[in-house]
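The structure appears below as structure tokens.
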Amino acid sequence: MPELPEVEVTRLSFAERIRGAEVTGVRVGKPLRWPLGCEADALISQRVGTVSRRGKYLWIALDRGGLLLHLGMSGSLAFSDRNGAPGAHDHFDLVTSRGTLRLTDPRRFGAVVWSPSLEAGQAAKLLARLGVEPFDAVFDGAHLHRALRRRRVSIKQALLGGDIVVGAGNIYACEALFAAAIDPRTRSDRISRVRAAGLVDAIRTTLARAVEAGGSTLRDFRDAHGAAGAFQRHAAVYGRAGLPCPICSTAIRRIVQHARSTFYCPRCQRR
DNA sequence: AAGTGGACCTGCTAGC
DNA sequence: TGCTAGCAGGTCCACT
């Protein structure tokens with residue numbers, strides 16, 4: 001479910017409220033992608049520090065180490081001082097003096113992992129292969145062009161890989177390629193430097209607009225207050241197969257690339 | 001090093 | 001109404 005905008009919207013919705021809270025309890029439900037990596041009780045009585053984001057991961061700093069969270073395909077977080085009994089898909093509760101942070105994740109591709117720091121243990125291992133942040137100054141046309149020169153996979157797959165630039169998943173990769181007028185099947189090493197620069201702008205603009213809109217709510221995305229996002233109403237191509245392109249009215253096409261759906265306008269987007 | 005395919009798990013919808 | 005196939009926002013790992 002969650003790409004960078006949804007993860008960032010989630011972070012913004014609870015980071016300040018949970019900061020400074022004391023952990024008073026931990027409940028672990030069904031197994032997630034990886035084990036917690038520590039005794040749940042070891043978290044009790046620690047103070048929560050800042051909540052930061054790296055790619056689609058959240059890092060919740062504690063007195064000793066912190067928790068690295070990933071929402072997988074179907075995860076969402078709720079932070080409330082009046083949580084009811086856990087439901088069938090509520091697999092992790094961090095109970096604090098300010099309220100309970102609850103992870104709901106039907107498919108359980110998500111994860112909550114304790115690590116001694118971002119630079120050590122499981123967190124370091126998981127973050128090691130991530131590409132640059134899209135809003136980092138080092139991500140520019142030259143940087144992207146240099147990285148793409150070494151790849152022969154399609155530009156769509158290169159963006160989804162997350163090892164060049166993080167944050168754009170299936171929705172926003174489609175939207176950014178539309179905004180940059182690039183055919184998603186184009187081989188990465190055939191993207192000119194000028195077009196790479198245009199793609200950098202498109203990725204940034206697309207992700208920033210989505211954060212402003214509160215993310216996309218295709219099925220069930222909610223921020224930690226329970227608010228839905230609105231970006232899907234702005235989607236030009238994603239999920240719009242057969243509907244008219246907002247620029248030229250040509251029917252949007254759906255194809256499958258590496259087992260993922262890709263949506264694009266066959267007229268506006270060129271190789 | 002880069003590319004490919006399979007794996008993880010559950011829920012929903014369209015079609016018969 | 002009930003069954004099945006196909007699809008879903010991610011990404012790790014083993015293998016070539």
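These figures come from a predicted structure and were not determined experimentally. Worth knowing before you read on, the calculation uses all heavy atoms, side chains too, and leaves out hydrogens, waters and symmetry mates. Order of the sequence lines fixes the chain letters, A, B, ..., with proteins taken first and strands second; residue numbering starts at 1 for each chain.
Take A/Q157 and apply the side-chain hydrogen bond (donor to acceptor under 3.5 Å, both in side chains) test, not counting sequence neighbours, and it matches A/H258. Every salt bridge (Lys or Arg N to Asp or Glu O under 4.0 Å) that A/E22 has, sequence neighbours left out, goes to A/R47.
A donor-acceptor contact under 3.5 Å is not formed by the side chain of A/R108 with the base of B/dC9.
A/D90 and A/T104 are linked by a side-chain donor-acceptor pair at a separation below 3.5 angstrom, with hydrogens and angles left out of the test. In the model, A/T186 has no side-chain atom that pairs as donor or acceptor with a side-chain atom of A/R271 under 3.5 Å. Defined by atom type and a distance below 3.5 Å, a donor-acceptor pair is missing between the side-chain atoms of A/Q122 and A/S115. With hydrogens and angles left out, the side-chain atoms of A/S74 and A/D105 include a donor and acceptor closer than 3.5 Å.
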Dump the pairs, protein N or O against N or O of nucleotides 14-16 of chain C, anything under 3.5 Å, distances to one decimal.
none

Give me, pair by pair, the N or O atoms of the protein and of nucleotides 1-5 of chain B that are less than 3.5 Å apart, along with how far apart they are.
unit_1 : atom_1 : unit_2 : atom_2 : d
B/dG3  : OP1    : A/R152 : N      : 2.5
B/dG3  : OP1    : A/V153 : N      : 3.1

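We find that CG of A/N170 is positioned 5 Å from P of C/dG9, with the value rounded to whole Å. One atom, CZ of A/F263, and another, P of C/dC7, lie 11 Å apart when rounded to the nearest Å. Going from atom CG of A/L126 over to atom P of B/dC8 covers 19 Å, rounded to whole Å.
Listed in residue order, the members of residues 197-210 of chain A having a heavy atom less than 4.0 Å from DNA chain B come to none.
Paired regions of DNA chain B, where each region holds three or more successive Watson-Crick or G-U pairs whose two hydrogen-bonding distances fall under 3.5 Å, are B:2-8 with C:10-16, B:10-16 with C:2-8.
Listed pair A/Y238 / C/dA8 fails the phosphate criterion, with no side-chain N or O lying under 4.0 Å from OP1 or OP2.
Atom C1' of B/dG3 sits at a distance of 24 Å from the matching atom of C/dG9, rounded to the whole Å.
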